[in-house]
A.B. asks: 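There's a structure below that I have some questions on.
Residue numbers start from 1 in every chain, and the chains themselves are labelled A, B, ... in the order their sequence lines are given, proteins ahead of strands.
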Amino acid sequence: MRKILSMQELSEQEIVRREALQKLIDFGIDPYPAAEFPVNILANEVKEKFAAGEELKEVVLAGRMMSSRVMGKASFAELQDASGRIQVYIARDEICPSEDKTLYNEVFKKLLDRGDFIGVKGYVFKTQVGETSIHVEELTLLAKSLKPLPVVKTDAEGVVHDAVHDAEFRYRQRYVDLVVNPGTKEVFMKRTKLYSVFRDYFNEHDILEVETPILQAIPGGAAARPFITHHNALDMPLYMRIANELYLKRLIVGGFDGVYEFAKDFRNEGMDRTHNPEFTVMEIYVAYKDYNWMMDFTEKLLEKACIALNGTTEIEYGQHKVSFKAPFPRVPMLDAIKQHTGVDISGMDEDALRKVCNDLGIPVEESMGKGKLIDELFGEKCEGHYIQPTFITDYPVEMSPLTKKHRSKEGLVERFELMICGKEIANAYSELNDPIEQRVRFEEQMRLADKGDDEAMMIDQDFLRALEYGMPPTSGMGIGMDRLAMMLTNQHSIQDILFFPQMRPEKKAEKKVELNETEKLIFGILSKNSPMDLNDLKTQSGLSGKQWDKGIKGLASAGLTKVTKTDVGLTVEAV
RNA sequence: GACUCGAUAGCUCAGCCGGUAGAGCAUAACACUUUUAAUGUUAGGGUCCUGGGUUCGAAUCCCAGUCGGGUCACCA
């Protein structure tokens, strides 16, 4: 027989459940059976099919028991499976046809708890109150739950009571959040749906899903601080990828016409409502296309995704109403700046730009080149205005080292970013495929780095070698999946669309094993003269009120003393 | 990184001017043998985040720390 260990440290309810577990075992019931439980329907399917008039004579469901209302010889309980909840009706004489009523009276009524996984077999009927329910003929315990779930109740008006709101609780124990807050599950199911809409769309276009290295010797393709790790056998540092762009382009060189990857990227930077150290970017590269084609492709993709998730192209994000109806407006960056600042910066040199920034009160640094200055200008004065999905096009060459020069506009590149609710959601180029030009751009980045720009890119010689073999004209695009998921599910923190957002580790208060000085002092006096009056002991110890209090409580919790109340007062004795 | 708010029973939260902690739900027992946030009665349940200080006395006031949230800055 199994021994249940160490009941100290457990809450009353946890102890009760462990005792129930032992009793179940004593009844010969395996609380964690191994056998397959042959479910043949989900809760929501039962409701749908029954509502459609289908007769359901033998359904088998499994899930967590989320509540139970025991009413003598019959009980109602709620079963929650992956699809939702359904009421089950359990009659004593139904599940216990013989004289032995143990299964109902003892097992169901006393030993099963909220949160336990159970399986039921029975038929579907409608109760007096009109609730579709399962009339249970067989009841099976599938897994015992030892920790009580938070109690969240919904009343007749649909008002939710005592929902678990505490962010820390929800993020650290997402499994509980998912069980108890139905909205959470919905958000994550939408997120998954988003991925499958993307995959379907790309696969329809014969674009190949691929995987590229996460551990990279040179972290390329973006400007960001990487995580560094170490490979023991090779005895060399490796970086966690900050982007997968350069690898996907190598595959285009290799002859694939289109590739995409949902890439976990890692950036060793600050964390806030829109930044988690690991996050997902979908990058896609398609040969023989340009950034105009990619805009068409992107707006259709996002419209499709929005409809798939929300059933409409019109959604709300916070106080904003956002329309994902394609096509989206396309605004050249310099036009955007002109529109929102009144200044036409086309053709300006670095000094003139710096003056414009100063005049507009935008703080600039000496290390900022022309591209960076324009970026600041746009970021400070324009970005926030683009609530509706808008393609901002044609960026300065200095801030786009991997992008092809614009076919007609001097000093610019063929690049767009998609802005929604003032945030960058997608970033795309006509990819630079001239290897000599690419080398020059990397060298410019090196000069920026020397000037103090810590975001400048490192040179990837192998990538240049690949380009020298020839890469077809290609358009590439990256979408921040987390931020897009936030918008399409109306969530305002990245933590709410990641199952397990990064958190500092929980610190458990250390379990005290040894007595501290105060406790030793008190125990020393007591052990010479036990039992003794509590107040005498306190006086003799000469401790301050707080020290005394801590000491005596510490001793009691260590099980070394016992306080008894008499008519005279409190007496302490050493145990 | 700066500022700010929070941490009390399994959960949601009260706790006043400093006097050793309360409610609802949950749990346990009993009743009722009935459906629906079932009901009634009773009971049990606490390292008041941690450490220090002030005080005769601290959940409460002060200081430091831990963890979390928000705002801003930085960063895409």
Side-chain angles (χ1 to χ4, degrees), chain A residues 9-17 19-20 66-78 85 87-92 109-110 113-115 127-131 133 145-173 176 180-181 222-225 242-243 265 267-275 277 279 281 363 375 379 383 399 417 423-425 427 454-455 478 480 482-483 492-493 495 501 503-512 516 538-539 544-550 552-554 556-558 570:
Chain A
E9 315 277 320
L10 294 175
S11 71
E12 180 197 22
Q13 293 190 46
E14 288 173 302
I15 292 167
V16 167
R17 288 187 181 215
E19 285 166 358
M66 294 305 286
S67 69
S68 65
R69 297 180 283 277
V70 175
M71 286 161 291
K73 287 181 286 189
S75 302
F76 291 89
E78 259 185 311
R85 290 191 186 187
Q87 178 169 270
V88 298
Y89 171 80
I90 298 166
R92 186 191 67 191
K109 277 168 70 171
K110 296 192 175 164
D113 292 296
R114 186 185 144 73
T127 62
Q128 302 162 30
V129 194
E131 175 97 16
S133 308
S145 160
L146 295 181
K147 280 181 98 66
L149 288 167
V151 185
V152 182
K153 288 192 172 185
T154 309
D155 66 18
E157 280 89 51
V159 182
V160 177
H161 297 261
D162 300 337
V164 178
H165 291 299
D166 179 53
E168 185 168 5
F169 190 112
R170 295 207 300 119
Y171 301 151
R172 286 195 197 280
Q173 300 188 54
V176 175
V180 136
N181 292 330
R225 278 164 60 198
I242 53 174
D265 288 344
R267 297 190 183 174
N268 205 342
E269 293 167 353
M271 289 167 62
D272 60 28
R273 227 178 35 208
T274 53
H275 296 81
F279 59 102
V281 178
D375 189 33
E383 206 171 61
M399 50 192 286
E417 287 192 358
K423 297 269 178 205
E424 174 203 329
I425 295 295
N427 182 16
D454 55 2
E455 290 181 11
D482 306 287
R483 290 187 190 174
H492 296 259
S493 168
Q495 296 173 109
M503 298 283 249
R504 283 203 165 83
E506 285 178 270
K507 269 188 209 149
K508 269 190 222 152
E510 275 167 45
K511 251 206 294 185
K512 210 166 38 171
N516 63 28
K538 182 181 175 185
T539 315
S544 76
K546 183 162 220 164
Q547 297 282 10
W548 156 257
D549 192 59
K550 286 257 187 292
I552 195 74
K553 278 180 181 167
S557 67
L570 296 169

A.B. asks: Check each of A:Val151, A:Val152, A:Leu149 against A:Met66 using the side chain to side chain contact (heavy atoms under 4.5 Å, CB included) test, and report the only one that passes.
C.D. replies: A:Leu149
A.B. asks: Counting only side-chain N and O atoms of A:Arg114, is one of them less than 4.0 Å from OP1 or OP2 of B:rC11?
C.D. replies: no
A.B. asks: Can you tell me the pairing partner of B:rG18 across any strand shown, Watson-Crick or G-U wobble, with both distances under 3.5 angstrom?
C.D. replies: none
A.B. asks: Nearest to the A:Val129 side chain among B:rU36, B:rA29, B:rU12, which nucleotide is it?
C.D. replies: B:rU36
A.B. asks: For A:Glu131, which contact category applies under a 4.0 Å heavy-atom criterion: base, sugar-phosphate, or nothing?
C.D. replies: base
A.B. asks: Is there a donor-acceptor contact under 3.5 Å from the side chain of A:Arg267 to the main chain of A:Ala223?
C.D. replies: no
A.B. asks: Taking the same atom, P, in B:rC3 and in B:rC17, what whole-Å distance lies between them?
C.D. replies: 27 Å
A.B. asks: Taking the nucleotide of RNA chain B with the closest heavy atom to each, which residue, A:Pro505 or A:Arg483, is nearer the 5' end?
C.D. replies: A:Pro505
A.B. asks: Output the rounded distance in Å from CZ (A:Arg170) to P (B:rG6).
C.D. replies: 21 Å
A.B. asks: How far does the C1' atom of B:rA28 sit from the matching atom of B:rG68, given to the nearest Å?
C.D. replies: 34 Å
A.B. asks: With sugar-phosphate meaning primed atoms plus P, OP1 and OP2, does A:Gln87 contact a base, only sugar-phosphate, or nothing at under 4.0 Å between heavy atoms?
C.D. replies: base
A.B. asks: What heavy-atom pair brings A:Arg172 and A:Met503 nearest, and what distance separates the two atoms?
C.D. replies: NH1-CB, 3.7 Å
A.B. asks: Between A:Ser493 and A:Phe279, which residue's closest nucleotide on RNA chain B lies nearer the 5′ terminus?
C.D. replies: A:Ser493
A.B. asks: Taking atom C1' of B:rC67 as reference, at what distance in whole Å does atom CG of A:Asp166 sit?
C.D. replies: 11 Å
A.B. asks: Of all the choices, B:rU36, B:rC74, B:rG10, which nucleotide is nearest to the side chain of A:Arg69 once you look at every atom?
C.D. replies: B:rU36
A.B. asks: To check you understand the geometry: which heavy-atom pair defines the closest contact between A:Ala163 and A:Asn181, and what is its length?
C.D. replies: CB-OD1, 4.2 Å
A.B. asks: So which nucleotide does B:rA58 pair with, by the Watson-Crick or G-U wobble rule with both distances under 3.5 Å?
C.D. replies: none
A.B. asks: In whole angstrom, what separates A:Arg172's CZ from B:rG69's P?
C.D. replies: 8 Å
A.B. asks: Say we look at B:rC74 and B:rC13: how far apart would their P atoms be, to the nearest angstrom?
C.D. replies: 34 Å
A.B. asks: A:Asp113 and A:Ala20: which non-hydrogen atoms are nearest, and at how many Å?
C.D. replies: OD2-CB, 4.4 Å
A.B. asks: Taking only the side-chain heavy atoms of A:Asp272 (C-beta and beyond), determine which of B:rA73, B:rC25, B:rC67 contains the nearest atom.
C.D. replies: B:rA73
A.B. asks: From the set B:rU36, B:rG68, B:rU27, return the single nucleotide nearest to any side-chain atom of A:Met503.
C.D. replies: B:rG68
A.B. asks: A:Leu146 has an atom CG; how far is it from atom P of B:rA26, in whole Å?
C.D. replies: 20 Å
A.B. asks: Provide the Watson-Crick or G-U wobble partner of B:rG1, both distances under 3.5 Å; none if there is no partner.
C.D. replies: B:rC72
A.B. asks: When we call it a touch if two heavy atoms are under 4.0 Å apart, what does A:Arg504 touch: a base, just sugar-phosphate, or nothing?
C.D. replies: sugar-phosphate
A.B. asks: Counting just side-chain N and O atoms, does A:Gln13 come under 4.0 Å of either OP1 or OP2 of B:rA26?
C.D. replies: no
A.B. asks: Check every atom of B:rU35, B:rG68, B:rC75 against the side chain of A:Gln128 and return the nucleotide holding the closest atom.
C.D. replies: B:rU35
A.B. asks: Assign A:Gln495 to base, sugar-phosphate, or nothing according to its heavy-atom contacts below 4.0 angstrom with the strands shown.
C.D. replies: sugar-phosphate
A.B. asks: Rounded to whole angstrom units, what separation is found between the CG atom of A:Asp113 and the P atom of B:rC25?
C.D. replies: 18 Å
A.B. asks: Just checking A:Glu424: base, sugar-phosphate only, or nothing, at a heavy-atom cut-off of under 4.0 Å?
C.D. replies: base
A.B. asks: So if I take every side-chain heavy atom of A:Met71 and compare against B:rA28, B:rA38, B:rC67, which nucleotide ends up nearest?
C.D. replies: B:rA38
A.B. asks: Is any side-chain heavy atom of A:His275 less than 4.5 Å from a side-chain heavy atom of A:Arg483?
C.D. replies: yes
A.B. asks: With a 3.5 Å limit on both atom pairs, tell me what B:rA43 is paired to, counting Watson-Crick and G-U wobble, or say none.
C.D. replies: B:rU27
A.B. asks: B:rG6 pairs with which nucleotide, Watson-Crick or G-U wobble, both distances below 3.5 Å?
C.D. replies: B:rC67
A.B. asks: With rounding to the closest Å, how many angstrom separate the P atoms on B:rC56 and B:rG46?
C.D. replies: 31 Å
A.B. asks: Please state how far atom CD in A:Glu14 lies from atom P in B:rG46, giving the value in whole angstrom units.
C.D. replies: 12 Å
A.B. asks: Roughly how many Å is it from CD in A:Glu383 to P in B:rC75, rounded to a whole number?
C.D. replies: 13 Å
A.B. asks: Show your reasoning for whether side-chain hydrogen bond (donor to acceptor under 3.5 Å, both in side chains) applies to A:Arg69 and A:Gln87.
C.D. replies: CA-CA 11 Å; A:Arg69 297 180 283 277; A:Gln87 178 169 270; 2.8 Å; yes
A.B. asks: By the 4.0 Å heavy-atom rule, please label A:Asn427 as base, sugar-phosphate, or nothing.
C.D. replies: nothing
A.B. asks: Using the P atoms only, state how far B:rA58 lies from B:rG19, rounded to an integer number of Å.
C.D. replies: 11 Å
A.B. asks: Would you mind reading off the distance between A:Arg17 atom CZ and B:rG44 atom P, rounded to a whole angstrom?
C.D. replies: 22 Å
A.B. asks: What is the nucleic acid contact for A:Val180, judged by heavy atoms within less than 4.0 Å: base, sugar-phosphate only, or nothing?
C.D. replies: nothing
A.B. asks: Could you check whether A:Ala74 gets within reach of a base, just the sugar-phosphate, or nothing at all, counting any heavy atom under 4.0 Å?
C.D. replies: nothing
A.B. asks: With the side chain counted from C-beta on, respond yes when A:Glu12 and A:Ile15 share a heavy-atom pair under 4.5 Å apart, and no when they do not.
C.D. replies: no
A.B. asks: Any idea if B:rC17 is syn or anti, going by the 90°-from-0 cut?
C.D. replies: syn
A.B. asks: Considering only atom C1', compute the distance from B:rG51 to B:rA23 and round it to an integer number of Å.
C.D. replies: 31 Å
A.B. asks: Roughly how many Å apart are B:rG18 and B:rC62, using the C1' atom of each and rounding to a whole number?
C.D. replies: 13 Å
A.B. asks: Measure from the side chain of A:Val151, starting at C-beta and using heavy atoms only, and say which of B:rG10, B:rU35, B:rG45 lies closest.
C.D. replies: B:rG10
A.B. asks: From C-beta outward on A:Val16, which listed nucleotide comes closest to its side chain: B:rA28, B:rG10, B:rU36?
C.D. replies: B:rA28
A.B. asks: Please round to the nearest 0.5 Å and tell me the distance separating atom CZ of A:Arg114 and atom CD of A:Gln13.
C.D. replies: 10.0 Å
